[in-house]
Structure formats: C-alpha cells, structure tokens
Enquirer: 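Can you keep this structure in mind? I'll have questions shortly.
Start at 1 and go down the list; that is how both ligands and their atoms are numbered. Computed from a predicted structure; not experimentally measured. Excluded from the calculations below are hydrogen atoms, water molecules and symmetry mates; all remaining heavy atoms, backbone and side chain alike, are included.
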Amino acid sequence: MKDDRLSRILLDRAEIQERIRTLGEQISLEMRGLTPCIMPILDGGMIFTSDLIRQISLPITLIPIKASSYGKERISSGRLDLTWGVSPLVRDQDILLVDDILDTGLTLTKLSSTLLESGARSVRTCVLLRKHHAAHLHSDYIGFEIPNEFVVGYGLDHAGQHRNLPDIRCLEIEEKA
Ligand code: 5GP
Ligand code: MG
C-alpha cells in the first residue's frame, strides 16, 4: 500500500506571492502595447494564473486550455492530450501560456507549436517552477528554480489531491507494509 506524506515546505505563500508580483511587473513591461491572450494550462496552471493576471497591468483576454501528460502517475506519459481541443479564438493572438511547472518540456513544446499552427501570432511561456534537470529548457518567464523533487500544492496535484494547499511542498510516497 502507498501512503501520501507531505514533507517540508519548499516555497511558502508569501514568497510565491512576492515573486508573482515581480513577474507580473516584468510581463507588463515586456508585453506593453499588446493585449496578451493569457492561456492557463489546466488544471495545474489555474491557481498560478489567477494570481498572476491580477499583477499584470495590461488589457488581457483569457482562454484556458486543458492538457494532460501525467494521468495518475508521477512520471510523464510522454503523450499530451488536449482534452478540449484548441479554441479558434487563438488566431492572431499574442499568447502567454501559463503552466505550473517545467519538467520534461513536453507540454510547453507541443502546445507552443500547436498554437502557432492554429494561427496564433506569437507564443510566450511562463512557468511558476522549473526543475533543476530542465535547466536547459527555455521559458520566457520563470518564477523559481527548484530541485528534482515531486512537488504539490498551489495548483499542483498528486492523483487529483493537494491542489488547494497555499504553499508548495515536496511529496514523499511511503511504502506501507
Ligand atoms: P512537462 O510536460 O514539462 O513534463 O510537465 C508539465 C506537467 O507535468 C505540469 O503541468 C504538471 O502537471 C506535471 N508535473 C511535472 N512535474 C511535476 C511535479 O513535481 N509535481 C506535480 N504535481 N506535477 C508535475
Ligand atoms: Mg499539469
């Protein structure tokens, strides 16, 4: 049997909010003159996006997209499912894709090319977290660099749980006898 164990807090709510404030300022400066189409990648990017857009002082539109690569496991399946497809409204938009974490890069790479093929004018990416082993992978905006651990909270789940934790924590799975 497996048992979920939440271990130490990696990033607390105050650190997260302060970093989001500076990210919002940077995005507002670097995307000025545009009306960014903010695209939260559901489900994990939802909480981050809701705080981030309130720190962006530009007119924005919001088009969520639902993508899944993990299923119920802690290792990427290598396949990306776009559960609701891609909205035709992305045509001619300057998209800012917002996700919780950059791990293998599959989600952002595949989504960026799909959006450009669907007629988006430009695609930028923003992630709250980038794992150490993904340091070579590009994102235009990155909140925090973190160790190669499986994290939950602030939108990130394990088998659907823990998304509503206000902090980001490491998850240890204990094998029960
Ligand atoms: P990538 O496509 O870059 O491999 O991974 C992106 C997605 O994998 C994220 O949106 C997230 O759902 C999931 N993911 C990757 N690493 C973690 C992690 O440490 N914790 C959780 N909860 N999800 C992760
Ligand atoms: Mg996700």
Enquirer: Going by an N to O cut-off under 4.0 Å, is there a salt bridge joining Glu172 and Arg8?
Expert: no
Enquirer: About how many Å separate CZ of Arg32 and CG of Leu29, when rounded to the nearest 0.5 Å?
Expert: 5.0 Å
Enquirer: Classify the side-chain pair Asp94/Ser122 by whether it contains a donor and acceptor separated by less than 3.5 Å.
Expert: yes
Enquirer: What part of Thr107, side chain from CB on, backbone N/CA/C/O, both or neither, has a heavy atom under 4.0 Å from ligand 1?
Expert: both
Enquirer: Have Asp100 and Tyr154 got a donor and an acceptor in their side chains that come within less than 3.5 Å?
Expert: no
Enquirer: Does Asn148 reach the main-chain N or O of His132 with its side chain, forming a donor-acceptor pair under 3.5 Å?
Expert: yes
Enquirer: Any nitrogen or oxygen of Gly105, side chain or backbone, less than 3.5 Å from one on ligand 1?
Expert: yes
Enquirer: Between Asp100 and ligand 1, which residue portion shows a heavy-atom distance shorter than 4.0 Å: side chain, backbone, both, or neither?
Expert: side chain
Enquirer: Under 4.0 angstrom from ligand 1, any heavy atom of His162?
Expert: no
Enquirer: Flag the pair Arg121 and Asp92 as a salt bridge only when some basic side-chain nitrogen lies within less than 4.0 angstrom of an acidic carboxylate oxygen.
Expert: no
Enquirer: For atom 20 (N) of ligand 1, which of the options Val151, Leu156, Leu137, Val127 provides the nearest non-hydrogen atom?
Expert: Val151
Enquirer: What part of Glu149 sits under 4.0 Å from ligand 1 if we count only heavy atoms: the side chain, the backbone, both or neither?
Expert: backbone
Enquirer: For ligand 1, which atoms sit closer than 4.0 Å to a heavy atom of Asp157?
Expert: 21 (C), 22 (N)
Enquirer: Does Gly44 have a heavy atom less than 4.0 Å from any atom of ligand 1?
Expert: no
